[in-house]
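In what follows, a structure is listed as structure tokens, so that the remarks can point back to it.
Throughout, residue positions are numbered sequentially from 1 according to the sequence presented.
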Amino acid sequence: MGKKRTPDLRDVMLVDGYNMIGSWPELVTLSRISLQEARDHLLNRLADYQAFSGRRVIVVFDAYRVPGLGGVFAQNQISVHFTKEKETADECIERFVHELTHRRRQIYVATSDSVEQHVAFGQGALRVSARELLIEIEHSKREVKTFIEQDQPSNKRNPLESKMSADILSKLEQMRRGK
């Protein structure tokens, strides 16, 4: 008998991938050079966000922009979906919202196409604009950096050492060196 899988009840962030690429200035510039690099950069930023936020991140790309229509794969623990033939990213996201809202979790949809996602929002998903997501990612990046810096051992001198005379410190150093 197989091991029972417990359902993933984490909150979900559904991201319209090309919508983010077209909205974030750094990705717009990068996409002019290489769309694949822009996608990879987006996925890397979202992977960091997922690790910090604890939300499950699903990124949806319209497949008409990629040779070999359709497909699903994981990259950096993120689920990446290229839509089926003749399915838009908006339709795919609506389908995911419908499938995922029956479980106990909150669904967020990151898009700058609020009009296109009216069905998803009507099903209870919460909208996160492209700008809001970018701000949230930058904020989480700063928080992680601050946490890491606070966790680093301090390069400050030992406070006990500052209370000892130079003579005692010299003798302790000689003992440490075995002289």
Side chain to side chain donor-acceptor pair (under 3.5 Å) partners of Ser23, counting only residues at least two apart: Ser112
Listed partners of Asp40 passing side chain to side chain contact (heavy atoms under 4.5 Å, CB included), at least two apart: Gln36, Gln75
For the student: nearest non-hydrogen atoms of Ile21 and Ser31, plus distance: CG2-CB, 3.8 Å
Residue pairs fulfilling salt bridge (charged side-chain N to carboxylate O under 4.0 Å, His left out) with at least one residue in residues 15-35, sequence neighbours excluded: Glu26-Arg45
Verdict with supporting geometry, Met20 and Leu133, side-chain contact (heavy atoms from CB on, under 4.5 Å): CA-CA 9 Å; Met20 295 305 110; Leu133 181 58; 4.0 Å; yes
Close side-chain approach of Tyr18 to Arg39, heavy-atom, < 4.5 Å: yes
side-chain hydrogen bond (donor to acceptor under 3.5 Å, both in side chains) evaluation trace for His41 with Glu37: CA-CA 6 Å; His41 189 76; Glu37 284 186 42; over 6 Å; no
Any residue meeting side chain to side chain donor-acceptor pair (under 3.5 Å) with Ser34, in chain and number order, not counting sequence neighbours: none
Set of side chain to side chain contact (heavy atoms under 4.5 Å, CB included) partners for Gln77, sequence neighbours left out: Gln50
For Ala47, all residues meeting side chain to side chain contact (heavy atoms under 4.5 Å, CB included), sequence neighbours excluded: Asn76, Ile78
His98 and Glu94 side chains, donor-acceptor separation under 3.5 Å: no
Ring pair (Phe, Tyr, Trp, His ring centres under 6.0 Å) against Phe96, all qualifying residues, sequence neighbours excluded: His81
Test salt bridge (charged side-chain N to carboxylate O under 4.0 Å, His left out) applied to Arg55 - qualifying residues, sequence neighbours left out: Glu136
Evaluation steps, side-chain contact (heavy atoms from CB on, under 4.5 Å), between Ile58 and Val15: CA-CA 6 Å; Ile58 301 171; Val15 179; over 6 Å; no
Non-hydrogen side-chain atoms of Phe52 and Ile137 separated by less than 4.5 Å: no
Partner residues of Ile135 under the side chain to side chain contact (heavy atoms under 4.5 Å, CB included) criterion, sequence neighbours left out: Arg131
Donor-acceptor pair, side chain of Thr83 and main chain of Glu87, under 3.5 angstrom: yes
Steps toward side-chain contact (heavy atoms from CB on, under 4.5 Å) verdict (Tyr108, Val12): CA-CA 6 Å; Tyr108 300 88; Val12 177; over 6 Å; no
